[in-house]
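Notes for the one structure printed next.
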Number of protein chains: 2
Amino acid sequence: MSHRIITISRELGCDGTTIGKKVAEKLGINCYDKEILDKIVEETGFSKDYVKEAGEYTHSILSAIFASRTNGPTNQDVIWSLQSNLILELAENESCVIVGRCADYILREHHDCIKVFIHANMDVREKRIAEKYGETKKSPKQRLKEKDKQRAAYYRFYTKTKWGQAQNYHITLDSGKLGIDKCVDIISELYRKL
Amino acid sequence: MSHRIITISRELGCDGTTIGKKVAEKLGINCYDKEILDKIVEETGFSKDYVKEAGEYTHSILSAIFASRTNGPTNQDVIWSLQSNLILELAENESCVIVGRCADYILREHHDCIKVFIHANMDVREKRIAEKYGETKKSPKQRLKEKDKQRAAYYRFYTKTKWGQAQNYHITLDSGKLGIDKCVDIISELYRKL
């Protein structure tokens, strides 16, 4: 039986994970986000914080390209390979929502996949991460810009395509303009009627 | 009174204009596409084909930057300025759908504007333009690649941002995957309920 998968790529601070969870709840299917992280932690023995960073961010595309691989794949390559296998396995076994971790690219050959990208403008995201993570030495804007850059570099290195480019997704939504509930409705409706 | 505007940016061959017209019809408002073109032809005396090309395409961002402006603005600059004024005037006067011509950027200060981008995969677009324009010496794929490049360069030069980057729009839709009617439904619903 073929399973229908929704992948949700998202910027930090735009409630992409919340949207993914609500969509899954509405549709009565599972949403995978931290579960993939936990599984990689379990299999590699790396710390949770390390896997969280190394599974979606890289400092620059050059640092990823020139990381020494003379003794085999880098830790990041190991994590990439593990998360790819986990995501392919999930898609093989059940209809579900998968948040982040380049699932849109990893499932590019999976024929029944709805690829979503969630974003919002900087003001909305700044407010959101300040509420969620509190204040740090760096301003929310600085933190978001760094994270966007690192996530884009990671995506570029492993997928050879551009993160956030509309053509890579079936639908992209501005959660700041549309609101969480409207995003959830549109995505759930697509899942049901497409 | 404030008017609600829908701007539809689109790739060639993905039925963006048809979607814009159907949305307008469903909502009982006007859709502006060729009307803007006709008005510029009337005001400048340039030919229709020339305005059609020069109002959305440029050969490369370098050719746009280095075009000689020693005797004043280029023809392309004149068309840009005219179409900007026309689009601002439309938004001032009525709720409507505006297709193409960087209206999303031109209306960046208009607070009640829903910015849409429509795209589709290459196979769908190739089929569509072969049906619509017939065969030429260049293959449909070549023609689309050239047009995408020229449209992106035009957009980049006049707006300083990236054409097709999800963050520039409130919603982007793959009309090949979703189908015309589903795109029309989603956009009309946003107009009504946002």
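Computed from a predicted structure; not experimentally measured. Proteins come first, then strands; the chains are lettered A, B, ... in the order of their sequence lines, and each starts at number 1.
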Over all atoms of both residues, closest heavy-atom pair of A:H119 and B:Y169:
CE1-O, 3.1 Å
Would you say that more than 12 heavy atoms from the other residues, nucleotides or ligands in this model lie under 6.0 Å from the CD of B:E135, or not?
no
Which portion of B:I171 sits near chain A, non-hydrogen atoms under 4.5 angstrom
both
Residue A:L178 versus chain B: region with a heavy atom under 4.5 Å
both
Please rank B:Q167, B:K193, B:E11, B:K182 by heavy-atom pairs under 4.5 Å with chain A and give me the top one.
B:Q167
Out of curiosity, does A:L37 fall in the hydrophobic cluster containing A:F46 (side-chain heavy atoms, cut-off under 4.5 Å, transitive links)?
yes
Evaluate whether atom NZ of B:K147 has more than 12 neighbouring non-hydrogen atoms of other residues, nucleotides or ligands under 6.0 angstrom away.
yes
Co-membership, hydrophobic cluster, residues B:L82 and B:Y105, 4.5 Å side-chain:
yes
With a 4.5 angstrom heavy-atom cut-off, is it the side chain or the backbone of B:L173 that approaches chain A, or both, or neither?
both
If I take atom CD from residue B:E189 and atom CD from residue A:E189, how far apart are they, to the nearest 0.5 angstrom?
8.5 Å
Counting only non-hydrogen atoms closer than 4.5 Å, does B:K177 touch chain A with its backbone (N, CA, C, O), its side chain (CB onward), both, or neither?
both
Are B:L194 and A:V124 grouped together when hydrophobic residues (ILVMFWY) are joined by side-chain heavy atoms under 4.5 angstrom apart?
no
Which atoms of A:K115 approach chain B - backbone, side chain, both or neither, heavy atom under 4.5 Å
neither
Which pair of non-hydrogen atoms, one from A:Q165 and one from B:W163, has the smallest distance, and what is that distance?
NE2-O, 3.9 Å
Please check if atom NZ in A:K26 has more than 12 non-hydrogen atoms from other residues, nucleotides or ligands closer than 6.0 Å.
yes
Taking B:I180 as the starting point, is it possible to reach B:V23 by hopping between hydrophobic residues whose side chains are less than 4.5 Å apart?
yes
